[in-house]
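Single-structure report; data block below.
One-based numbering along the sequence shown.
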Amino acid sequence: MRPDNANGKHDSGPQDAILALMALGWTVSEEARADRLLALTGLDAGALRAGIDNPVLLAAVLAFLADHEPDLIACADTIGSTPAALIAAQERLAREGSNR
């Protein structure tokens, strides 16, 4: 578990980024799902590659999954996580990105 910050909430950390990268890998492992990700986010493959260290992009990938519950559940099962953990990581990454 990550240490709490001064306001008692967990900071985004490497675990969130790793979880998001695993989710990204799962998302792009199927062409139709990858195409949907690109179409709905407005990203392209180059932007995905260039932004893999960007918490905003990683949060967007997790938000994409959160918007389609069957994919969220399937992804969580495949990568050995839970839907709740993916959502929590998305929220922390989004906060981190907004603080940059």
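Here the OG1 atom belonging to T78 is positioned 6.5 Å from the CH2 atom belonging to W26, to the nearest 0.5 angstrom. Rounded to the nearest 0.5 angstrom, I73 CD1 and T82 OG1 are separated by 11.0 Å. Rounded to the nearest 0.5 angstrom, S81 OG and M22 CE are separated by 7.5 Å.
The heavy-atom pair separating A76 from P83 by the smallest distance is CB-N, 3.6 Å. Closest approach of A23 and L65 over heavy atoms only: CB-CD1, 3.7 Å. Across every non-hydrogen atom of A63 and Q90, the tightest pair is N-CG, 3.6 Å.
When side chains are defined from C-beta on, L38 counts as touching L48, because their heavy atoms get closer than 4.5 Å. At a threshold of 4.5 Å between non-hydrogen side-chain atoms, the residues L21 and V61 do not count as touching. Counting only heavy atoms from C-beta outward, the side chains of L19 and L58 never approach each other to under 4.5 Å. No side-chain heavy atom of L37 sits less than 4.5 Å from a side-chain heavy atom of L43. Proximity of T27 to D71: side-chain heavy atoms (C-beta onward) are nowhere separated by under 4.5 Å. At a threshold of 4.5 Å between non-hydrogen side-chain atoms, the residues L57 and L93 do not count as touching.
A single hydrophobic cluster is seen to contain both I87 and L40, as judged by linkage of ILVMFWY side chains at heavy-atom distances under 4.5 Å, directly or through other members. Tracing side-chain contacts under 4.5 Å through hydrophobic residues (I, L, V, M, F, W, Y), one never reaches I18 starting from V56; they form parts of separate clusters.
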Could you give me the CA-CA distance, side-chain angles and deciding distance for I79 and L86, then say whether side chain to side chain contact (heavy atoms under 4.5 Å, CB included) is met?
CA-CA 10 Å; I79 67 173; L86 292 174; 4.0 Å; yes
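R36 places no side-chain N or O within donor-acceptor distance of the main-chain N or O of F64, the cut-off being under 3.5 Å.
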